[in-house]
Amino acid sequence: MTSVPAVSAKSPGRIARMLPVVLGVIGLGAGLWMSLSRLGLPVDGLPAINHGPIMVGGFIGTVIALERAVALGRPWGYAAPWFGAISTPLLLVPLPHTLPATALLLSSLVLLIMFGVFLRNQPTDFMLIMTAGALCWSVANALLLIGRSIPDIVPWWAGFLILTIVGERVEMSRLRTRPRAAQGAMGVLVVAYGATLVAGTFAADLGTRLGGLVLVGLTMWLVRYDVARLTVRMHGLPRFAAFTVLSGYVWLLVSGVFAALWGKLTAGFYYDAWMHAQFLGFVMGMIMAHAPIILPAVTGVPLQFSRLFYFPVVLLHLSLATRIGADLMHSWSGRQWTGVVNIVAVLFFMAVIAHSVKLARSKHHDQGQS
């Protein structure tokens, strides 16, 4: 999420950028609503089984694909976010799962082709890592298409998001001096992580445990070499992004430890703790860290940073820690109310984004009149 060129709000293709954003936000809202049902609360109207596909594909995957399409700057690249965006309405109605799964598979394949172009033009370690992430998403969507269970698909979804984020942070770490041995260690860790995903297809418990150990190693590498350790000493947006990135690493570490200890899980309290440590704590935390930077670059809509951004991030982390505590104590009611607070934290962050857009526009209007 670091190498996207800024675009003008009036530049050609604005609709091609904004429609996936709108549908992605709708997907986020729908996914949050579905999560209420999965928490056992009395809500209905949307198929709760599609919570994972719409959050990973309709929302996050679409946003990642849009970011890369803008960076690529070629019309065909927008097919990736458009296919991802199309999956959102398809996941909201009772249709055969093959329809949204096909849209998501096409989105991931176009994204993989885009990364092939990027890799040809820039054959670097971080680009190779992100390409591996796109490959994981293609595998996940292929498994979804053939009807594999969600627990079987989850590790590949996680691989897509984790490797994409790791690649982006490795790209940022170029601003720090890295020993050659550190670069080699990252390569070994990424290859090992991919191997555990493949192994998990044949020996799910062993693959999950080994994958957890690799995630612990990846976290240690990132904490040691991420530029966030330097930028956290700055002020304003750089400090916020660094704080949120570093706090996200805590949840990546926790998810790795859980996977190593518990192995393959398909349901229950421990499954909830493991899933949300990586997808909510790490992935959503990283989205919050990068959103104030990426959204203006992708959409051309300016944001005015303020300290308000810290509040939903802190609320997310505190409520998630409490939720995992409830899971470990097998408290169903505790899991329910903390899950609701998780949702409130995400909605709070969206409200802060909207407020920041309003502030930026007001500032621009005032400067225009002066």
Side-chain angles (χ1 to χ4, degrees), residues 23-63 88 91-92 150-151 154 157-158 161 240 243-244 247-248 250-252 254-255 258 262 265-292 307-356:
L23 288 177
V25 171
I26 291 173
L28 171 61
L32 294 176
W33 182 263
M34 292 172 184
S35 67
L36 291 173
S37 178
R38 295 185 67 84
L39 287 168
L41 298 174
V43 298
D44 52 29
L46 295 176
I49 189 65
N50 289 336
H51 170 69
I54 204 168
M55 290 295 286
V56 177
F59 170 50
I60 305 176
T62 295
V63 172
T88 291
L91 288 164
L92 296 180
I150 295 299
V154 162
W157 278 341
L161 299 175
F240 165 78
F243 166 80
T244 311
S247 58
V250 173
W251 294 115
L252 184 61
V254 169
S255 70
F258 284 170
W262 297 333
L265 298 170
T266 59
F269 287 105
Y270 289 173
Y271 180 74
D272 182 79
W274 168 65
M275 282 272 291
H276 289 89
Q278 59 184 339
F279 285 106
L280 188 59
F282 177 63
V283 175
M284 186 59 71
M286 290 296 177
I287 290 172
M288 290 180 170
H290 294 96
R307 292 183 179 178
L308 280 176
F309 276 94
Y310 282 97
F311 288 94
V313 171
V314 172
L315 180 62
L316 178 72
H317 292 320
L318 291 178
S319 61
L320 179 56
T322 311
R323 176 175 183 165
I324 289 178
D327 282 329
L328 296 179
M329 293 186 294
H330 293 191
S331 171
W332 179 253
S333 61
R335 172 180 164 181
Q336 283 185 316
W337 73 260
T338 52
V340 171
V341 180
N342 294 158
I343 296 170
V344 170
V346 176
L347 294 175
F348 187 8
F349 184 78
M350 299 302 294
V352 172
I353 289 285
H355 177 69
S356 299

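Side-chain atoms are counted along with the backbone in the values below, which use heavy atoms only and exclude waters and symmetry mates.
Side chains of Val340 and Leu41 form a contact here, defined as non-hydrogen atoms less than 4.5 Å apart. Looking only at side-chain heavy atoms (C-beta outward), Trp157 and Pro53 come within less than 4.5 Å of each other.
Of all non-hydrogen atoms in Gly31 and Ile54, the two that sit nearest each other are CA-CG2, 3.7 Å. Nearest heavy atoms, Thr338 versus Ser319: CB-O, 3.8 Å. Between His330 and Tyr270 the shortest heavy-atom distance is NE2-CE2, 3.8 Å. Taking all atoms of both residues into account, the shortest heavy-atom contact from Ser255 to Ala277 is CB-CB, 4.0 Å. Phe282 approaches Gly248 most closely through the heavy-atom pair CD1-O, 3.3 Å. When every heavy atom of Ser35 is checked against every heavy atom of His51, the shortest pair comes out as CB-CE1, 3.6 Å.
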| message | Run the side-chain contact (heavy atoms from CB on, under 4.5 Å) test on Val313 and Phe243 for me, step by step, so that the C-alpha distance in whole Å, both residues' side-chain angles and the decisive distance to 0.1 Å come before the verdict. | response | CA-CA 10 Å; Val313 171; Phe243 166 80; 4.1 Å; yes
| message | Using the rule given for side-chain contact (heavy atoms from CB on, under 4.5 Å), can you reason through Leu92 versus Met34, listing the C-alpha separation, both sets of side-chain angles and the distance that settles it, and then say yes or no? | response | CA-CA 10 Å; Leu92 296 180; Met34 292 172 184; 3.8 Å; yes
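Within 6.0 Å of atom CH2 in Trp33, 12 or fewer heavy atoms from other residues, nucleotides or ligands are found, so the atom counts as exposed in its surroundings. The neighbour count for Ile49 CD1, taken as heavy atoms of other residues, nucleotides or ligands under 6.0 Å away, does not exceed 12.
Ring geometry, Trp274 versus Tyr271: the interplanar angle falls from 30° to 60°, so the pair is classed tilted. By the 30° and 60° cut-offs, the orientation of the rings of Phe240 relative to Tyr310 is perpendicular.
Here the CE-CG distance, from Met55 to Leu28, works out to 5.0 Å after rounding to the nearest 0.5 Å. For the atom pair CZ of Phe309 and CZ of Phe348, the computed distance is 10.5 Å after rounding to the nearest 0.5 Å. Here the CZ atom belonging to Phe258 is positioned 8.5 Å from the CG atom belonging to Asp327, to the nearest 0.5 angstrom. Atoms CE and CE, on Met288 and Met350 in that order, are 9.5 Å from each other to the nearest 0.5 Å. Phe59 contributes atom CZ, which lies 8.5 Å from atom CG of Leu32 (distance to the nearest 0.5 angstrom). To the nearest 0.5 angstrom, Arg323 atom CZ is 10.0 Å from Gln336 atom CD.
Taking the side chain to side chain donor-acceptor pair (under 3.5 Å) definition, one finds that Ser37 meets it with nothing, sequence neighbours left out.
Tested against Trp251, the residues Val283, Leu280, Ile324 include a single side-chain contact (heavy atoms from CB on, under 4.5 Å) partner, Ile324.
A donor-acceptor pair under 3.5 Å is absent between the side-chain atoms of Thr244 and the main chain of Met286, judged by distance alone.
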